Amino acid sequence: VGTRKRFEIAPTTGDISFYEDTGTTAKFFWDASAESLGIGTSSTLGKLTMSDGTNPLAIDSGTYNEIQSYNRPLLLNRQGNNVGIGTSSPSAVLDIRTAQNTTSQFTSPFIKLFPSSTTNTTGFTGITYGTSTADNYGWSAGGLRTSTSADVGAFVFNFHNNSATGSERMRIDSSGRVGIGTSSPNEALHVYNATTNVLANFESGDAKAFISFKDNSTTNTDTVFLGADGNNMAFYAGSASSERMRIDSSGNVGIGVTN
């Protein structure tokens with residue numbers, strides 16, 4: 001039609017080209033020898049290649065059955081059952097790679113989960129971790145909207161035993177307080193159990209196990225501390241070598257002496 005090329009079949013190769021409105025560039029191309037189709041390009045990279053001229057996307061149904069974006073890496077590999085975002089060589093079921101971000105952790109993360117609507121006091125945005133092939137067994141973790149205000153929330157960990165709702169095991173509230181066994185922590189660390197008398201166990205693989213205390217004028221973390229020395233309770237103050245008091249396994253109290 002006129003002087004503009006619209007359609008062409010190459011007589012020697014059998015390739016078929018459909019051209020854009022100027023008749024200079026093939027935008028729909030059949031590569032007869034490779035048995036592949038190009039849309040927006042005549043350079044096929046798989047059985048089907050689509051391109052805007054800069055960022056080709058190829059679909060290949062050969063050995064690997066994969067979908068790959070070349071200049072903006074995205075790979076769906078049926079043979080390995082892996083998905084790669086930011087990498088063409090995914091080493092896990094989902095492998096996401098990009099440069100670390102140091103300033104906009106919320107707006108530019110590796111993965112962003114964002115609600116399309118909110119539910120006051122109970123709205124949950126999170127991820128589940130299954131421990132069974134059946135639903136509702138395992139763990140879930142995520143953000144919980146705890147009031148009518150967006151600036152009040154908690155990060156919660158729930159255990160699910162044949163339950164979609166699950167039972168909360170731990171949370172970090174918006175003030176940074178950690179609650180274990182309680183959804184209302186009132187201190188930096190709040191541990192609760194309805195039936196157990198011993199609420200925490202601090203165990204060292206060394207010969208002794210201590211807990212240190214430090215305020216804004218205490219010199220070091222090993223200045224004031226107490227803990228187990230065998231079956232004895234020892235109290236230190238002033239330095240790591242200054243035991244001030246102990247209660248031995250027989251109930252005897254020593255002040256200024258260690259035996």
Side-chain angles (χ1 to χ4, degrees), residues 72-76 81-87 90-204 209-216 218 221 225-227:
R72 296 175 181 174
L74 168 65
L75 178 71
L76 310 179
N81 294 320
N82 293 340
V83 176
I85 301 176
T87 175
S91 59
V93 174
L94 175 60
D95 190 340
I96 302 174
R97 304 187 191 190
T98 188
Q100 287 187 318
N101 181 25
T102 60
T103 58
S104 303
Q105 288 86 345
F106 190 86
T107 55
S108 300
F110 276 49
I111 299 175
K112 187 173 184 178
L113 306 179
F114 214 78
S116 59
S117 61
T118 58
T119 303
N120 291 329
T121 71
T122 59
F124 177 75
T125 305
I127 299 175
T128 58
Y129 305 84
T131 57
S132 170
T133 55
D135 279 339
N136 301 325
Y137 290 91
W139 291 84
S140 64
L144 178 68
R145 185 181 174 96
T146 57
S147 74
T148 58
S149 175
D151 62 352
V152 178
F155 195 87
V156 298
F157 299 83
N158 306 304
F159 179 69
H160 301 259
N161 182 15
N162 197 23
S163 168
T165 304
S167 301
E168 183 180 316
R169 298 305 193 208
M170 186 175 79
R171 77 166 49 193
I172 304 171
D173 70 13
S174 57
S175 297
R177 294 174 296 219
V178 177
I180 300 176
T182 177
S183 59
S184 302
N186 52 33
E187 302 295 344
L189 177 61
H190 185 165
V191 181
Y192 173 81
N193 190 289
T195 59
T196 301
N197 294 326
V198 179
L199 296 181
N201 181 26
F202 299 88
E203 182 176 355
S204 169
F210 296 108
I211 300 174
S212 71
F213 301 86
K214 188 177 187 296
D215 64 16
N216 60 4
T218 307
T221 56
F225 55 95
L226 58 87

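Quantities reported herein were computed from a predicted structural model and do not represent experimental measurements.
- Here the CZ-OG distance, from R169 to S140, works out to 11.0 Å after rounding to the nearest 0.5 Å.
- Applying the salt bridge (charged side-chain N to carboxylate O under 4.0 Å, His left out) definition to pairs two or more places apart or across chains, none involves residues 98-110.
- Inter-residue side-chain proximity for N193 and V198 is flagged as unmet; no heavy-atom pair is nearer than 4.5 Å.
- Here the CG-OG1 distance, from N158 to T128, works out to 11.0 Å after rounding to the nearest 0.5 Å.
- F213 places a side-chain heavy atom less than 4.5 Å from the side chain of I211.
- A distance of 7.0 Å separates OG1 of T107 from CG of N101, quoted to the nearest 0.5 Å.
- The pair R97-D95 meets the salt-bridge criterion, with a side-chain N (NZ, NE, NH1 or NH2) lying under 4.0 Å from an Asp/Glu carboxylate O.
- A donor-acceptor contact shorter than 3.5 Å is absent between the side chain of S163 and the backbone of H160.
- Residues M170 and V178 meet the side-chain proximity criterion, which asks for heavy atoms closer than 4.5 Å.
- The residue from F159, Y129, F157 that alone fulfils the ring pair (Phe, Tyr, Trp, His ring centres under 6.0 Å) condition with W139 is F159.
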Enumerate donor-acceptor pairs with a distance under 3.5 Å from any side-chain N or O in residues 117-126 to protein atoms, sequence neighbours excluded.
residue : atom : partner : partner atom : Å
N120    : OD1  : R145    : NE           : 2.8
N120    : OD1  : R145    : NH2          : 3.2

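- Annotation: E203, atom CD; neighbour count of heavy atoms from other residues, nucleotides and ligands within 6.0 Å does not exceed 12.
- Taking the side chain as every heavy atom from C-beta outward, F155 and L144 never approach each other to under 4.5 Å.
- Scanning for side-chain contact (heavy atoms from CB on, under 4.5 Å) contacts around F110 gives I96, T98, with sequence neighbours left out.
- Pairing each heavy atom of V156 with each of R171, the nearest pair is CG1-CB, 3.7 Å.
- Residue T221 comes nearest to S212 through the heavy atom pair O-CB, 2.7 Å, listed as atom of the first residue, atom of the second, then distance.
- Atom CZ in F210 sits 8.5 Å away from atom CG in L226 (nearest 0.5 Å).
- At most 12 non-hydrogen atoms from other residues, nucleotides or ligands lie less than 6.0 angstrom from CG of N197.
- When all heavy atoms of R177 and P185 are compared, the pair lying nearest together is NE-O, 3.3 Å.
- Nearest approach of P109 to K112, heavy atoms of both residues: CG-CB, 3.8 Å.
- The CD atom of E187 lies 11.5 Å from the OG atom of S175; values are rounded to the nearest 0.5 Å.
- Here the CD1 atom belonging to I111 is positioned 6.0 Å from the CD1 atom belonging to I127, to the nearest 0.5 angstrom.
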